[in-house]
Structure formats: structure tokens, C-alpha cells
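Here the structure comes first, spelled out in C-alpha cells, and everything after it is commentary.
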Amino acid sequence: HAICHLILSLPASPKLHQSALSRPRRTPAGTSGPAGGQKRSKVTLGLESKRRTLNISRFPQRAAAGEITGCFQQEQIKELKLYKIASELLQTERAYVTRLHLLDQVFCARLTEEAGKGMFPVEVVKGIFSNVGSIYTFHSQFLLPDLETRMSQWASTPRIGDILAQLAPFLRMYAEYVKNFDSAMDLLKQWTERSAQFNTIIQDIQSQEVCGNLTLQHHMLEPVQRVPRYEMLLKDYLKKLPEDDPDCSQAKKSLNIISMAATHSNMAIRKMENLKKLMEIYEMLGGEEDIVNPSNELIKEGQILKLAARNTSSMERYLFLFNNMLLYCVPKFSLVGQRFTVRTRVCVEGMKVLETSNEDYPHTFQVSGKERTLELQASSEQDKEDWIKAFQETIEIFQQKNETFKSASKEVADEVSVKELGKRAPRWIRDNEVTMCMKCKEPFNPLTRRRHHCRACGYVVCYKCSDYKASLRYDGNKLNKVCKDCYFILTGRADAEEPVSGKKRGILEIEAAQVSGNSFLCGFLQYSTDRTKPCQRVWCVIPQHDALVLYLYGAPQDVKAQCTIPLLGYQVEDVQRSVDHPPTSFRLCQSKSVHCFTADTEEVKLRWLKVIHKAVIGEMPECQTPVDDDLANGFSQEKSRCPVD
């Protein structure tokens, strides 16, 4: 500011400007003075560094004083930034040497002393700390003293690139430390659990004030992080350094050497950060799950809703997806942060993920593994896509790394094959998807014939058809309730009764799911045969193999139709708006037989009428694409009713 004030107070004479501003300046090595003997005017900056000079000969002889002042300020800012970077390098180096002293002269020395007494092998201590002693010697006796000397002489020698270029080759010793880092962490964990004396020494040192409430693992990460720190500071230094500065070439040379060492360190840092995250999850799970392993990598975690297998109610859950398994957890109350209980561990091996659709719950998808099948609900469509993508990428990478696994099938199987029965968890058919036993076809009621699930195939059956138990491999070979058919398959016994496949099936014994997937039209309609009786919501299907018959089911997964209506010869009446019938109603009439239907929307009603009009005169209908929620949901339920292979 004093120099600027002096400039502004000078007269406009160019000679006076030049004489007042001229200062002697050292010529950098390898450079010569101005050509032609013309003497250039320089301005030495008023910084504590007194480092670089401003060349004002590029300004016109009568340049405005304000322009020169602006250049002074810009140069001052650059000088300050360079000085701050150098100061930060020195300050962080001092702190780093303190950490190295803690590792080498405190932890390593104390453990080596106790190992000499025979408490544990000396090789264990050497395997953990590797060449940390050499690293400490280099930084404490060479790099740090040189930096301190240079910063004390910054006014006359304002550069750091030459020091780093001279000492950077010694940073290659970090390769041994970084390479040994993973095994050091394993060895430290192993002996902390194995030896009480070893663990006591570690805990005693960690409780001291010098450790700053950090563990030995955190301090051992410091050398791994230090080289990337040099790289970052040096890059920032080069950005602020003018290209024609004599320190530029030395700084670039040292950056190339440091960058090579930083590449190895960055990989180790990522592994250590992952290990720290595993430790945090280990604490969240109450130490019940042994997940702290360098081979385990956390892919994604987050809250999610689980749809109940029986009644579609949603429950809050939490997922931890790793590269080799999925932890399905239940939140539990805690005053000290998040805590969870692991409900199920599902291996990525054999896992499948499927996007599903649910009428009442949006953003759902299904994860099927050998241990269990889960139907989950995300918080949004984007959240669902993120989860599905994470699962798919994890499964793909797992399969690529394991040559013994077969490539994933492009199409999802609809049913559990006999070969895999009991080896993987099925998807349970929900209670509200059926109205009768899926084996004996007897209708359910809340008193004498309640719903039960077969743990092998997931079907909803009555108590008579589920009065069997068999060991299931996916549940640790424990005895589970299974249906009669699965029992005979799993045990290898022959059925004393006539097998179901040997019976002649009646006209109604066609599964709703079987015909819905190959139908001209299917969906929910309100149905009644009497105006005085309330309407019943039924699943209606006109199958392609029987195009002139309308099948009525209680639910999309029923194995037997409630009734059938042969459409040929019926008259179709489009009911107009009235007190008794909404505008989406229509009737099928033949003699004294009347069947009343009501669709949810006018569009759905027109689709049904288009198909039925052709069926009643004996013509083949055209396939209609379902557009309403019920139809789309019905198809989705049919396609995903069984677990994914």
C-alpha cells in the first residue's frame, strides 16, 4: 500500500516514474539481461518474501497509475498464496512426524519390548509396522529439517520444488508399507483377539492423550494418506507458479515422482476407508456379525420397506448390500446411534432381482436368494432404480469373479423346479391372492379352513394339505411345514393315494394364473346374478384356448374357477346410467339367466364389450392389452407369483 501511495503521488513524467520505481533484481540462473542493452524497469514486491518483480516495461510510457497498482495487487496475491502453500506443507509435515514418532517410538517400541519377554512373537510386531522406522527416520532427519531451513530463508530463496525433487525418490519406500498394509491390518486384528497381553498394551497406549482418542488403525493410516497429500499440495503450488519461474521445472519433476507413489497409496486408502465403514457397521449390529474382513466391500445401504408375505402390510427395514452378501436388518431402539438386528443373511451367489408391480404399494421389487425371497418397497421410483441397479451390478461382478458360476438366465423362471425344491426360499403367494386351497381346491373360511403356506413352494394351502414336515436345505435342514406334493418330492416317498396328475381334471380345475398369461382379456370386474344381492369382485378371464367361455375366479392365483359362462348365444346389453347401475355396467342375458358386470372405468368396459361381442356370435376375439391398474397388477402378480430361480 505504501508503494501504491507513492506511485499515485508521483508526477506524470515517465522519467520520474522510472527512476522512482526501479530496483535492482537478481537475474535467475541461466538467463540474460534485456536484449539490445535496453534496461528494463522492475518493481520489487513489498512482501516478506521479496521474491518476484513486476515488469512495467510492457506498459505505455504514460500508463495510468491505477493499472500498475492493479498488477501490484495481483502479484501480491499470487505471492501470498505460494507462501501459504509452502507454510501448510511445513505445518502438516511437523504434525506428520509427530504421528510417525508415535507409531515407531511408542507403539512399535513398546510392543517390541514386550515381545522380547516372550509374550508374543517379535515377527508379529515387525509384520504389523513394516518399514515405519525407515519412514520416520527419513522425515524427521531429512525432509522436515530441510523444509524448516527453507522457510526460514524464504525471503532470499522462495522455492520448495528443488527440495522435493531431491528427496522425492526416497518416497518409493512407501511402496513396501502400502503393500503390507492389508496384511498388517489382518495381523493386528488377529493378535488383538488372540493375545490378552497384546490387546492390553494397545489399549493402554490408545488411552493416552498423545493418541487423541484415535485407534492404532487410524494412526497407521497416516503414512498411506501422506503421499497423496504431497501430490495435492504440489499440484496447487504449480497452479499458482508462473511458467517462466525457475522453480517450475523442479516442481514438475517432483510431482511426477510423487504421483507414482500416490497411486499405490490411493488404493490402500480406499481399502482402509472401506474397513473403517465395516467397523462402523459391526458396531451398529452389536458385534453379532463377523463382517470386518478386507474381502467384504460395502456397495449400498439404506432404509426400505418390506411387504409382508401374508397381508401386504409394510414394515420398516434396513439393508446392507455387500459384494458377496445382503444383510436384511430390523431397526432397534437405541440412545447411542443407529442399531440393527440382522434378520437374514442372503448370499449374492444365486441371487436374482426382479422389478414387480403392486396395486396398493408402488416402487416395489423382489430380491430372491437361496436363503430367502424378499419383496421390498423403495421410497421413490428413483430409489427403486438405484437399488435394482446396485443389485444387478453386484451380481454381475460376483459372477465374473467366480468362474464356477453359470451366467445369469435372461428369463425368470415362473416356478421353483423340482431340482431346486427346498434348496432356495420361495416367494409366498399372498393370502388375498387366493380364495381356495391351491392343492385340494376347497374354499377357505376363517373358522374351519384357514390359510397356511408351504415353506417349499410358497403355495397357500389348507391345514389338511399342509400337515407334513420336511427338512429344507435353505433353512439349515430344519423341519418345516410343507404341502403334500412337496413332501413326497423332498422325501422321495410315493403317495399312497392316487396322484393328482392321474386324475381327470374338471372343467373348472384350470388355474387362474395359467390362463391369465395366455388370454384375450383378463381383469377384475364386479359381478352379480341378482339385483338384490351385492356385487362380488371376481377375476375374469377369457382364455385363448377356450375363446367362447368366460371364467370367473375369486382371485388371480386361484387354482379352480368359481364358475364359467359359455358366451355363445348370449345377448350383450350395455346398461345406461341409472339408479341401480353405474355407467360402466353391462349385462349378459340368455333366457332367464342374467349376469351383471361392472368395470372400474369406461375404457375397461369398452374393452370387455369388444371381446364379448365377438365371442357371443362365435367369432375369435382379438387380444386386448390391459391398461387399467387391476389388469396390469394381475399380470404382474401372475408373472412373479413364484420365486426367481
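Starting from 1, each residue takes its place in the sequence as its number.
- The side chain to side chain donor-acceptor pair (under 3.5 Å) with His363 is formed by just one residue from the set Glu385, Gln382, Glu381; it is Glu381.
- Taking the six-membered ring where the residue is Trp, Phe120 and Phe198 present perpendicular rings, their angle passing 60° and hence far from 30°.
- Here the OG1 atom belonging to Thr356 is positioned 7.0 Å from the NZ atom belonging to Lys384, to the nearest 0.5 angstrom.
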Chi angles and distances behind the side chain to side chain contact (heavy atoms under 4.5 Å, CB included) call for Met325, Val346: CA-CA 6 Å; Met325 63 180 169; Val346 183; over 6 Å; no

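- In this structure, Glu193 CD and Asn199 CG are separated by 9.0 Å, a value rounded to the nearest 0.5 Å.
- A donor and an acceptor atom, one from each side chain of Asn296 and Asn323, are nowhere located under 3.5 Å apart.
- A side-chain donor-acceptor contact under 3.5 Å links Thr92 and Arg226.
- Judged purely by distance below 3.5 Å, without hydrogens or angles, the side chains of Tyr318 and Glu301 pair a donor atom with an acceptor atom.
- Remark: Glu283 pairs with no residue by the salt bridge (Lys or Arg N to Asp or Glu O under 4.0 Å) rule, at least two apart or across chains.
- In this structure a side-chain-to-backbone donor-acceptor pair under 3.5 Å is present from Ser183 to Asn180.
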Evaluation steps, side chain to side chain contact (heavy atoms under 4.5 Å, CB included), between Val106 and Val210: CA-CA 10 Å; Val106 181; Val210 67; 5.7 Å; no

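- Taking all atoms of both residues into account, the shortest heavy-atom contact from Gly127 to Ala184 is O-CB, 3.9 Å.
- Atom CG of Leu241 is separated from atom NZ of Lys252 by 9.0 Å, given to the nearest 0.5 angstrom.
- Side chains of Val367 and Leu326 form a contact here, defined as non-hydrogen atoms less than 4.5 Å apart.
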Step-by-step side chain to side chain contact (heavy atoms under 4.5 Å, CB included) determination, Ser368 to Met351: CA-CA 6 Å; Ser368 174; Met351 180 183 289; over 6 Å; no

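- Ring pair His219/Phe107 is tilted by interplanar angle, where 30° to 60° counts as tilted.
- In terms of heavy atoms, Glu316 sits closest to Leu305 at CA-CD2, 3.8 Å.
- Listed here is the closest heavy atom pair of Ile128 and Leu188: CD1-CA, 4.0 Å.
- Atom-to-atom distance recorded for Gln208:CD and Gln203:CD is 12.0 Å, nearest 0.5 angstrom.
- When all heavy atoms are compared, the tightest approach of Val224 to Met220 is CG2-O, 4.2 Å.
- In this structure, the side chain of Ser254 engages the main chain of Ala251 through a donor-acceptor pair within 3.5 Å.
- At most 12 heavy atoms of other shown residues, nucleotides or ligands fall within 6.0 angstrom of atom CG in Asn213.
- Side chain of Asp383 to backbone of Ser379: a donor-acceptor contact under 3.5 angstrom is found.
- Contact annotation: the side chain of Pro223 approaches that of Leu103 to within less than 4.5 Å [non-hydrogen atoms, C-beta and beyond].
- In this structure, a donor-acceptor pair under 3.5 Å is absent between the side chains of Thr98 and His101.
- In terms of the salt bridge (Lys or Arg N to Asp or Glu O under 4.0 Å) criterion, Lys306 has no residue partners (sequence neighbours excluded).
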Step-by-step ring pair (Phe, Tyr, Trp, His ring centres under 6.0 Å) determination, Phe129 to Tyr177: CA-CA 8 Å; Phe129 292 96; Tyr177 184 89; 9.0 Å; no

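- Annotation: side chain of Leu90 is in contact with side chain of Glu148 (closest heavy-atom distance under 4.5 Å).
- Counting heavy atoms from C-beta outward, Val348 and Ile395 have side chains that approach closer than 4.5 Å.
- Side-chain contact between Tyr96 and Leu100 is present, with heavy atoms from C-beta onward closer than 4.5 Å.
- Residue pairs meeting the salt bridge (Lys or Arg N to Asp or Glu O under 4.0 Å) criterion with at least one partner in residues 120-146, sequence neighbours excluded, are absent.
- Taking Arg150 as the reference, Asp162 meet the salt bridge (Lys or Arg N to Asp or Glu O under 4.0 Å) condition, with sequence neighbours excluded.
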Asp204 and Arg110: CA distance, side-chain angles, deciding distance, salt bridge (charged side-chain N to carboxylate O under 4.0 Å, His left out) verdict: CA-CA 11 Å; Asp204 179 54; Arg110 174 82 178 277; 3.3 Å; yes

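- Although no hydrogens or angles enter the test, the distance criterion places a donor-acceptor pair under 3.5 Å between the side chain of Thr137 and the main chain of Gly133.
- Formation of a donor-acceptor pair under 3.5 Å by the Asp236 side chain with backbone atoms of Ile85 is not found in this model.
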Lys240 vs Glu79, salt bridge (charged side-chain N to carboxylate O under 4.0 Å, His left out): CA-CA, chis, key distance, verdict: CA-CA 8 Å; Lys240 308 298 188 299; Glu79 289 287 344; over 6 Å; no

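- Asp247 and Tyr237 share a side-chain donor-acceptor pair at under 3.5 Å.
- With 3.5 Å as the limit, one finds no donor-acceptor pair spanning the side chains of Gln190 and Asp186.
- A search for ring pair (Phe, Tyr, Trp, His ring centres under 6.0 Å) contacts involving Phe170 returns Phe138, not counting sequence neighbours.
- Side-chain atoms of Arg343 and Cys329, non-hydrogen and from C-beta on, never get closer than 4.5 Å to each other.
- Distance check, rounded to the nearest 0.5 Å: CG of Leu321 to CD1 of Ile299 gives 6.0 Å.
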Phe181 and Leu221: CA distance, side-chain angles, deciding distance, side chain to side chain contact (heavy atoms under 4.5 Å, CB included) verdict: CA-CA 9 Å; Phe181 186 76; Leu221 184 61; 4.1 Å; yes

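- Listed by chain and number, the residues in a salt bridge (Lys or Arg N to Asp or Glu O under 4.0 Å) with Lys370 are Glu349 (sequence neighbours excluded).
- Counting heavy atoms from C-beta outward, Leu82 and Pro158 have side chains that stay 4.5 Å or more apart.
- Glu231 and Ile258 make their closest contact through N-CG2, 3.8 Å (heavy atoms, listed as atom of the first residue, atom of the second, distance).
- Distance check: Asn324 CG to Arg345 CZ gives 8.0 Å after rounding to the nearest 0.5 Å.
- Using modelled atom types, one side-chain atom of Gln377 and one backbone atom of Pro362 make a donor-acceptor pair closer than 3.5 Å.
- Looking at Arg159 and Pro246, their side chains come closer than 4.5 Å, going by heavy atoms from C-beta outward.
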Lys300 and Glu393: CA distance, side-chain angles, deciding distance, salt bridge (charged side-chain N to carboxylate O under 4.0 Å, His left out) verdict: CA-CA 11 Å; Lys300 185 176 174 61; Glu393 291 179 351; over 6 Å; no

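- Nearest heavy-atom pair, Leu376 versus Leu319, reported as atom, atom and distance to 0.1 Å: CD1-CD1, 3.7 Å.
- With Glu93 contributing its side chain and Leu147 its backbone, the two residues share no donor-acceptor pair below 3.5 Å.
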